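In this text, all values refer to a predicted model and were calculated from it rather than measured experimentally.
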Amino acid sequence: MFKIFDCHCDTLTKAMWSNQNLYKNSLHIDIEKLQCFEKAVQIFAIWLDEKYLNNAFDNTLKAIDFYNSQIKEYGEYISKNINENKLGAILSVEGGEAVEGSIDKLDLLYDKGVRLMTLTWNYKNEIGCGALSGFDEGLTDFGKSVVREMNSLDMVIDVSHLNVRGFWDVYEISEKPFIATHSNSYTVCPHPRNLNDDQLKAVAETNSKVGINLYPPFVDGEKGKIDSIIRHIDHIMNITGDKNMGIGCDFDGIAVCPEGIEDVTKLHLIYDRVREVWGSKTADDIFYNNMYGFFSGKI
């Protein structure tokens with residue numbers, strides 16, 4: 001089997017809210033399912049449903065506590081050290097609501113092990129506006145200070161979900177590469193959550209990264225066929241090169257999976273197609289090596 005480095009899933013909070021665990025559950029991802037791979041690194045995002053946003057920071061801390069409890073309980077199989085011969089786990093926050101307009105709270109989340117943050121989800125928050133928020137203004141003054149502080153911490157800035165103006169603010173302000181952990185090509189599928197060609201060129205220029213999202217509405221607006229996923233990979237690779245892309249499946253954050261890919265164990269269907277088209281080295285780079293190289297110095 002091959003190696004995977006998946007840049008985004010919402011399994012952590014979904015398991016917590018449904019009183020399940022990370023070892024074996026009814027979700028798209030668990031430790032047991034990930035054991036089918038030669039090696040796996042999974043970025044676990046803390047995403048808060050709207051009803052939890054009134055106390056976003058405290059609820060984020062609760063999710064961190066749950067994450068740490070799962071690492072401790074299943075430490076035989078999972079580790080925060082991605083170089084160990086176990087499932088490697090990295091913690092992210094999806095949505096800057098978590099910092100509640102406070103740089104001190106951002107610093108505290110970093111101290112507690114959060115290594116990347118998606119600046120917005122679909123809403124408008126203290127940092128900026130989501131791509132589906134209906135607002136087109138860029139980052140707020142606070143949002144610009146968040147970008148600078150994340151640079152200072154070497155905390156990765158995630159621009160998935162951010163609107164176009166906010167993206168360009170990050171591009172102009174950030175002194176370090178950033179990432180769109182789970183975003184596709186707008187040219188291939190014109191959904192506002194996807195990145196246009198100019199944005200993809202900016203990803204390449206800054207040696208930033210983009211992870212392919214498997215959510216069918218972002219893939220082809222239909223069933224999320226593997227052929228459509230391949231078209232996104234082909235188009236993005238032609239702009240960014242094959243070293244600046246990976247996968248960010250969005251498992252357990254998507255209402256429906258791509259055709260034939262019901263959970264993480266079916267990723268071989270995409271890997272095999274990539275290998276057929278571009279060869280084993282490119283497939284291994286996209287599914288593991290590129291993102292491992294990007295994150296290995298930051299964990």
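Judged as a side chain to side chain donor-acceptor pair (under 3.5 Å), and not counting sequence neighbours, the contacts of Glu32 are Lys24. In this structure Arg165 satisfies the side chain to side chain donor-acceptor pair (under 3.5 Å) test with no other residue, sequence neighbours excluded. Partners of Asn59 according to the side chain to side chain donor-acceptor pair (under 3.5 Å) rule, which considers only residues two or more places apart in sequence or in another chain, do not exist here.
For CD of Glu38, the number of neighbouring non-hydrogen atoms (other residues, nucleotides, ligands) closer than 6.0 Å is greater than 12. Counting non-hydrogen atoms of other residues, nucleotides and ligands closer than 6.0 Å to CG of Asn85 gives a total of 12 or fewer. The number of heavy-atom neighbours closer than 6.0 Å to NZ of Lys105, taken from other residues, nucleotides and ligands shown, is above 12.
Remark: of the listed residues Asp284, Ile4, Ile286, Asp284 is the sole one forming a side-chain contact (heavy atoms from CB on, under 4.5 Å) with Tyr271. Under the side-chain contact (heavy atoms from CB on, under 4.5 Å) rule, Val93 has a single partner from Leu48, Leu106, Thr60, which is Thr60.
We find that Asp263 and Lys33 are not joined by a salt bridge, their nearest charged nitrogen and carboxylate oxygen being 4.0 Å or further apart. One finds a salt bridge joining Arg273 and Asp227 here, because a Lys/Arg side-chain nitrogen approaches an Asp/Glu carboxylate oxygen to under 4.0 Å. Ion pairing between a basic and an acidic side chain is recognised when a charged N comes within 4.0 Å of a carboxylate O; Asp285 and Lys281 show such pairing. A salt bridge links Glu137 with Lys124; the closest basic N to acidic carboxylate O contact falls under 4.0 Å. Comment: Arg275 engages Asp272 in a salt bridge, judged by a side-chain N to carboxylate O separation of less than 4.0 angstrom.
Remark: aromatic rings of Tyr288 and Phe37 are distant, center separation not under 6.0 Å.
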